[in-house]
Amino acid sequence: MGPRVPRAALRTLARARPLPRAFYARGPRALARALLGRVLVHDDPGVGRLAGVIVETEAYGGADDPASHAHRGVTARNRVMFGPPGVAYVYFTYGMHHCFNVVCGPEGRAAAVLVRALEPVEGLDLMRRRRGGAAPGELTSGPGKLCIALGIDRRLDAADLLGDRIWLEAGRRIAPSAIAAGPRVGIDYAEEWVGRPWRFWLRGNPFVSRTRPAVVRRAGAARSGRAPT
DNA sequence: GTCAAGATTAGT
DNA sequence: CTAATCTTGACG
């Protein structure tokens, strides 16, 4: 017989455990929604736990998605997008920023979810130092910012999210009605894909990235509310 | 080898 | 609005 553990404590333990592989075995849009409210934890070597609640995500597909790195097949950079789900895809861009993604879907089928913003919950002091003394609301309110704050870089590319370096925990339960959707940021090309609401966030959450609204360049591509899937 | 563009951010 | 900063991947 093991030690008796109160039910509430069991729930806490369950919450503090990495989400199982099966959690990631679905398409990118479903996962992008499911990731909202989950806690991203980085056990930064020699530093400790840095964590935040995911409040904004974007879904990326494979060959058919012109905005995806996987659009033109496997390359050295995007290879993990084609691998098994539950793995980190971290890439470097604009010569200075990293972006953290969660690989999902069945193995062999490229798909991933970009984590665009967090609500910081653990390691705020260090995050603030790394972010140049930024205000709490600015620490992790963008894909590049959150990587700086949590110390995420390419060393974590291909890291297993069921390992001991970086993982996700269950966190909060989110009601579907609390989720808002809109066009992906920085995707102002590929006309017929621009309006697709593959960006998700917690409605009204102050830690969501401030983005200029995705501008639809060509008339006729503009859509509001529901768009083709 | 060469080169344009980038799933961004901070500052003017 | 634009500079910063350098990797990636397409093309020759």
Side-chain angles (χ1 to χ4, degrees), chain A residues 27-33 35-36 40 52 54-83 87-105 109-118 120 127-159 180-201 206-217 221 227:
Chain A
R29 281 179 295 159
L31 185 70
R33 289 173 164 277
L35 284 176
L36 297 174
L40 174 62
I54 296 174
V55 300
E56 181 184 353
T57 58
E58 267 177 10
Y60 286 88
D64 54 337
D65 180 358
S68 171
H69 288 171
H71 181 43
R72 303 192 182 216
V74 185
T75 66
R77 178 176 63 170
N78 69 19
R79 65 194 166 75
V80 307
M81 284 186 73
F82 293 80
V87 170
Y89 169 42
V90 180
Y91 65 87
F92 184 65
T93 190
Y94 289 105
M96 63 192 87
H97 295 297
H98 294 273
C99 289
F100 171 80
N101 300 255
V102 175
V103 174
C104 61
R109 172 98 186 220
V113 177
L114 171 68
V115 176
R116 289 194 55 90
L118 306 173
M127 289 188 194
R128 193 163 63 83
R129 263 177 277 142
R130 286 175 164 170
R131 292 276 298 115
E138 296 291 315
L139 293 179
T140 53
S141 56
K145 297 177 187 178
L146 72 89
C147 283
I148 296 171
L150 270 67
I152 295 171
D153 61 30
R154 273 171 299 181
R155 287 171 298 183
L156 287 171
D157 184 38
R184 292 179 292 189
V185 175
I187 309 299
D188 57 357
Y189 51 93
E191 174 177 352
E192 70 185 75
W193 283 72
V194 172
R196 299 193 181 196
W198 285 21
R199 170 179 172 240
F200 305 91
W201 65 93
F207 298 93
V208 167
S209 68
R210 292 200 188 76
T211 60
R212 31 188 195 290
V215 176
V216 177
R217 283 184 180 157

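So you know, we letter chains A, B, ... as the sequences are listed, proteins then strands, and number each from 1.
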Grab the CD1-C1' distance between A:Ile148 and C:dA4 for me, whole Å please.
13 Å

Under a 3.5 Å cut-off for both distances, is B:dA7 Watson-Crick or wobble paired, and to whom?
none

Searching all strands shown, indicate the nucleotide that pairs with C:dT5 (Watson-Crick or G-U wobble; both distances under 3.5 Å).
none

Aro-ring/base stack A:Tyr60-B:dA7, d under 5.5 Å, angle under 30°
yes

Rounded to the nearest Å, what distance is computed from the CG atom of residue A:Asp153 to the P atom of nucleotide C:dC6?
15 Å

Report, one pair per line, the protein and nucleotides 9-12 of chain C atoms (nitrogen or oxygen only) whose separation is under 3.5 Å.
unit_1	atom_1	unit_2	atom_2	d
C:dG9	OP1	A:Thr75	OG1	2.4
C:dG9	OP1	A:Arg77	NE	3.4
C:dG9	OP2	A:Arg77	N	3.4

Nucleotide B:dT8, atom P - distance to CG of A:Leu146 in whole Å
11 Å

A:Leu139 to A:Ala134 - nearest heavy-atom pair and separation:
CD2-O, 3.7 Å

Angle class for the A:His98/A:Phe92 ring planes (parallel below 30°, perpendicular above 60°, tilted otherwise)?
tilted

Regarding A:Gly95, tell me which of base, sugar-phosphate or nothing describes its non-hydrogen contacts under 4.0 Å with the strands shown.
base

Closer than 3.5 angstrom, by distance alone: can the side chain of A:Glu58 be matched with the main-chain N or O of A:Arg116 as a donor-acceptor pair?
no

What is the distance from CG of A:Asn101 to C1' of B:dA7, rounded to the nearest Å?
7 Å

Could you state the atom-to-atom distance from CE of A:Met96 to C1' of C:dA3 in whole Å?
8 Å

Categorize A:Arg199 for me: base, sugar-phosphate, or nothing, with a 4.0 angstrom heavy-atom threshold over every strand shown.
nothing

For C:dT5 versus B:dT2, give the span between their P atoms, rounded off to a whole number of Å.
23 Å

Whole Å only: how far is the CZ atom of A:Arg130 from the C1' atom of B:dT9?
18 Å

Examine the base of B:dA5 for any acceptor or donor lying under 3.5 Å from a partner atom in the side chain of A:Tyr94, and report the outcome as yes or no.
no

State whether A:Arg131 places a side-chain N or O below 4.0 Å from either non-bridging phosphate oxygen (OP1 or OP2) of B:dA10.
yes

